[in-house]
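Read the structure below first, then the notes.
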Amino acid sequence: MNTTLSIHGAAGCVAGSCYRLTKPRATVLVDCGMFQGSKTLKGLNYEPFPFDVRAVDAVLLTHAHIDHSGLLPKLARAGYRGPIWATAGTRDLCEVMLADAAHIQESEVEQLNRRNQRRGRPSVEPIYTVRDAGRTMELFRSIKLGHEIDVAPGVRARWWNAGHILGSASIEVLIDEETPLRLLFSGDLGTGGRDFLADPEGPSGVDHLIMESTYGDRVRPPLTPDQRRSLLAEELRAAHEAGGPLLIPAFAVERTQELLADLLQVMANGSAPAADVFLDSPLAIEATEVFLSRGYSATAGRNPFEALQAGERLRFLRTPQESDGLDRLRGWHVIMAASGMCDAGRVRKHLKRLLWRADATVLLNGFQVQGTLGRLLADGVRHVRIQGDEIRVQARVRSIDTYSGHADAANLTDWALRRQPIGGKLFLCHGEPASSSGLADRLAQAGFDRDRLVLPTLDQSFRLGPTEAGALTPTTARLAPGPAPSLDWHNARAALLGELDERLDALADDAARMALLEGVRRLVEGGPPRTSEVVPDARLEPVPYSSS
Ligand SMILES: [Zn+2]
């Protein structure tokens, strides 16, 4: 009982994956991801790691997504010089993604510091810089799926295809101690049955399983690749009929390439109206190049992404000037711009100029974390705030879940059952609380003992035996126990301001609007509004949302 598992991310939320294994002779991290979502969660990215970075001997990386890899440069900046073990595909994708993440942080901090200077506040440092990201890449060592390697004294590891994105893997960790242990970290798992990715695999017979539960409470109807393409074609036809452009917030890696390959196919075979397609994301363009070089699929016997070359119909927009040129386009065209959850990148600029237009369509695809603009749009809010402007949403907002790289509840249960016998615990991580408990219910129905299912909280540690995992008294919890906050005052503020706008719009005249604003002003100043000054229809009674 001398191995400890600490869970430093993806506990009660889907971001910041980071697991730490400590044993007498070594400390190993599995993933080192960035927190995304609400500002409270994102704030954790700026805090020091809750462990001694210099004690870490090796990092094992499941895949390139930023919520799994995004704090690696911060680790390097904090003094980590050991190896980062990953597949070659993950390595190549990390090269473009970490540089991009660093660039975003440098420019965000630059903006913030200009504001801080004006307000007389001290300046802040970026979490890491492009230079830190470059240094991090020097630490990568490539592994091959299925090969067992020594990663640290008394720790061996083997990567199994996870079918989630290019290069993605589950990692089996073998701990050679007085009590030897075999652990399996699922990483993010794919759906299986895809023509772009092989089905997820994994060993059977582990002591403890640490698995994701992103879609633990949802089941999607299984779709063949052809059914998926015909649903996409249907969305394209409807967007074309609405008359304006189609904006697809792009998850730069995997989903963008799969969507693009399918888009080109349905346009080429005439099942959807042909359009100029603009890939407006330097990151997605660079990632696409990785897919062109590393996307070979043994199942397909070819590279299914080979059509993704810039040409007549498909344009790659690299510079901000090329991107700004899209403002002048009229009529039917398709823009894919990052980020997929609309919380950063060029998509925000396009949302700002298209969301108010009733002829435009926004096609969300894939999981939208609570607290992101994408989630607000998916939930049907009528007002959003982008780059300081309040915008009334009139565009058609559509969501398709068919390109999700994530296994659904049925896939997850099935995958877990195939890992049996599982001698000890099954940790359900990387899910919002409802998803993790939804998956716990399914697994219990499938025969797993309830008391072997663990839903850990952030920074919780467990002493691992072959069948037991005793929770240790927390010493370093960065957030109060309980579910990680997914919404915070920033979201509440945006919602309140949106609601105020709705009410102002609904009032009869400007005098009524001034009276309502005066009432609000008094409330803000701390004094109760003098009701005689507030006209009756300006009282805070519900105003129905209108779609006009
Ligand atoms: Zn992922």
**Message:** Using salt bridge (charged side-chain N to carboxylate O under 4.0 Å, His left out), reason through Arg463 and Glu468 one step at a time and then give a plain yes or no.
**Reply:** CA-CA 8 Å; Arg463 177 147 300 150; Glu468 274 315 302; over 6 Å; no

**Stepwise side chain to side chain contact (heavy atoms under 4.5 Å, CB included) check, Asn113 with Val124** = CA-CA 7 Å; Asn113 281 341; Val124 294; 3.4 Å; yes

**Request:** Flag the pair Tyr128 / Leu75 as yes when at least one side-chain heavy-atom distance between them is below 4.5 Å, and no otherwise.
**Result:** no

**Atom pair CE (Met34) and OG (Ser69), whose distance is rounded to the nearest 0.5 Å** = 8.5 Å

**Request:** Return the set of residues passing salt bridge (Lys or Arg N to Asp or Glu O under 4.0 Å) with Arg218 (not counting sequence neighbours), or none when no residue passes.
**Result:** none

**Request:** Using the side chain to side chain contact (heavy atoms under 4.5 Å, CB included) rule, take Val290 and Phe305 through it: C-alpha gap first, then chi angles, then the decisive distance, then the call.
**Result:** CA-CA 10 Å; Val290 176; Phe305 302 100; over 6 Å; no

**Request:** Would you sort out whether Phe427 and Ile7 count as a side chain to side chain contact (heavy atoms under 4.5 Å, CB included), showing the intermediate values?
**Result:** CA-CA 10 Å; Phe427 294 84; Ile7 294 169; 4.1 Å; yes

**Message:** So which atom in Ile175 and which in Leu21 form the shortest heavy-atom distance, rounded to 0.1 Å?
**Reply:** CD1-CD1, 4.2 Å

**Request:** Taking all heavy atoms of Ser213 and all of Ser436, pick out the closest pair and write down the distance.
**Result:** OG-OG, 2.9 Å

**Prompt:** Does any non-hydrogen side-chain atom of Cys342 lie less than 4.5 Å from one of Leu364?
**Reply:** yes

**Prompt:** Say you draw a straight line from CG of Asp188 to CD1 of Ile165; how long is it, rounded to the nearest 0.5 Å?
**Reply:** 8.5 Å

**Request:** For residues Cys18 and Phe51, report the shortest heavy-atom separation together with the two atoms involved.
**Result:** SG-CE2, 4.3 Å

**Message:** Any non-hydrogen side-chain atom of Leu373 less than 4.5 Å from a side-chain atom of Gln368?
**Reply:** no

**Message:** Filter on salt bridge (charged side-chain N to carboxylate O under 4.0 Å, His left out), then keep only pairs touching residues 42-59, sequence neighbours left out; what's left?
**Reply:** none

**Item:** Basic-acidic side-chain contact under 4.0 Å: Arg228, Asp195
**Value:** yes

**Message:** Going by salt bridge (Lys or Arg N to Asp or Glu O under 4.0 Å), name the residues that satisfy it together with Glu95, two or more places apart in sequence or in a different chain.
**Reply:** Arg91

**Request:** State whether the side chain of His208 and the backbone N or O of Leu5 hold a donor-acceptor pair below 3.5 Å, judged by distance alone.
**Result:** no

**Fill in**
Heavy-atom closest pair (Thr256 atom, Ala284 atom, distance to 0.1 Å) is CG2-CB, 4.1 Å

Which side-chain N or O atoms in residues 146-157 pair as donor and acceptor under 3.5 Å with protein atoms at least two apart or in another chain?
unit_1: Glu148; atom_1: OE2; unit_2: Arg156; atom_2: NH1; d: 2.3

**Prompt:** In chain order, what residues pass the side chain to side chain contact (heavy atoms under 4.5 Å, CB included) check against Ala78, with sequence neighbours excluded?
**Reply:** Val53

**Prompt:** Taking only residues two or more places apart in sequence or in another chain, which ones pass salt bridge (Lys or Arg N to Asp or Glu O under 4.0 Å) with Glu201?
**Reply:** none

**Message:** Please check: side-chain N/O of Glu212 versus main-chain N/O of Leu189, any donor-acceptor pairing under 3.5 Å?
**Reply:** yes

**Message:** Could you measure the distance from the CD atom of Gln257 to the CG atom of Leu292? Nearest 0.5 Å is fine.
**Reply:** 8.5 Å

**Request:** Take Ser281 and Ile285 through the side chain to side chain contact (heavy atoms under 4.5 Å, CB included) test and state the conclusion after the steps.
**Result:** CA-CA 6 Å; Ser281 157; Ile285 294 167; 5.7 Å; no

**Request:** Could you tell me whether the side chain of Ser435 and the main chain of Gly431 form a donor-acceptor pair under 3.5 Å?
**Result:** no

**Request:** Taking the side chain as every heavy atom from C-beta outward, state whether Phe49 and Cys32 have any pair of such atoms under 4.5 Å apart.
**Result:** yes

**Asked** Quick one: does Phe196's side chain get under 4.5 Å of Asp262's, heavy atoms only?
**Response** yes

**Asked** So, Tyr403 versus Phe251, ring centres under 6.0 angstrom or not?
**Response** no

**Request:** Please confirm whether the backbone N or O of Asp451 pairs with a side-chain atom of Asp449, one donor and one acceptor, at under 3.5 Å?
**Result:** no

**Request:** Give a yes or no on this: more than 12 heavy atoms of other residues, nucleotides or ligands lie within 6.0 Å of atom CD of Glu289.
**Result:** yes

**Pro249 backbone acceptor or donor facing Asn365 side chain under 3.5 Å** = yes

**Request:** For Thr90 and Ala86, indicate whether the former's side chain and the latter's backbone hold a donor-acceptor pair under 3.5 Å.
**Result:** no

**Asked** Heavy-atom distance under 4.5 Å between the side chains of Leu279 and Met336, does that happen here?
**Response** yes

**Prompt:** What residues form a side-chain hydrogen bond (donor to acceptor under 3.5 Å, both in side chains) with Ser186, not counting sequence neighbours?
**Reply:** none

**Request:** Scan residues 161-191 for pairs that pass ring-ring contact (aromatic ring centres under 6.0 Å, His included), counting only residues two or more places apart or in two chains.
**Result:** Tyr19-Phe185, His63-His164, His65-His164, His164-His406

**Item:** Minimum heavy-atom distance Ser204-Gln420, with the two atoms named
**Value:** CB-O, 3.3 Å

**Complete:** Residues passing the salt bridge (Lys or Arg N to Asp or Glu O under 4.0 Å) test with Asp441, sequence neighbours excluded, are Arg450

**Message:** With a 3.5 Å distance limit and no angle check, can you tell me whether Glu254 reaches the backbone of Leu166 through a side-chain donor-acceptor pair?
**Reply:** yes

**Request:** With the side chain counted from C-beta on, respond yes when Met211 and Trp415 share a heavy-atom pair under 4.5 Å apart, and no when they do not.
**Result:** yes

**Fill in**
Applying ring pair (Phe, Tyr, Trp, His ring centres under 6.0 Å) to Phe35 and not counting sequence neighbours gives none

**Prompt:** Does anything in residues 22-34 pair up under side chain to side chain donor-acceptor pair (under 3.5 Å), and if so which pairs, sequence neighbours excluded?
**Reply:** Lys23-Glu177, Asp31-Thr62, Asp31-His68

**Request:** Output the distance between atom CD1 (Ile66) and atom OG (Ser17), rounded to the nearest 0.5 Å.
**Result:** 12.5 Å

**Item:** Gap separating the CG atom of Asp176 from the CZ atom of Arg182, nearest 0.5 angstrom
**Value:** 11.5 Å

**Message:** Can you give me the closest heavy-atom contact between Ala102 and Ala133, atom names plus distance?
**Reply:** CB-CB, 4.0 Å

**Message:** Show me the pairs that pass salt bridge (charged side-chain N to carboxylate O under 4.0 Å, His left out) and involve residues 64-89, at least two apart or across chains.
**Reply:** Arg77-Glu125, Arg77-Asp132

**Message:** If you count heavy atoms of other groups shown closer than 6.0 angstrom to CZ of Arg302, is the number above 12?
**Reply:** yes

**Item:** Straight-line distance of Cys429 SG to Leu455 CG, nearest 0.5 Å
**Value:** 8.0 Å

**Asked** Does any donor atom in the side chain of Asn411 or Tyr215 lie under 3.5 Å from an acceptor atom in the other side chain?
**Response** no

**Message:** Has Asp199 got a side-chain atom pairing as donor or acceptor with Gly193's backbone, closer than 3.5 angstrom?
**Reply:** yes

**Message:** Does any part of the side chain of Leu464, heavy atoms only, come nearer than 4.5 Å to the side chain of Leu183, both counted from C-beta?
**Reply:** yes

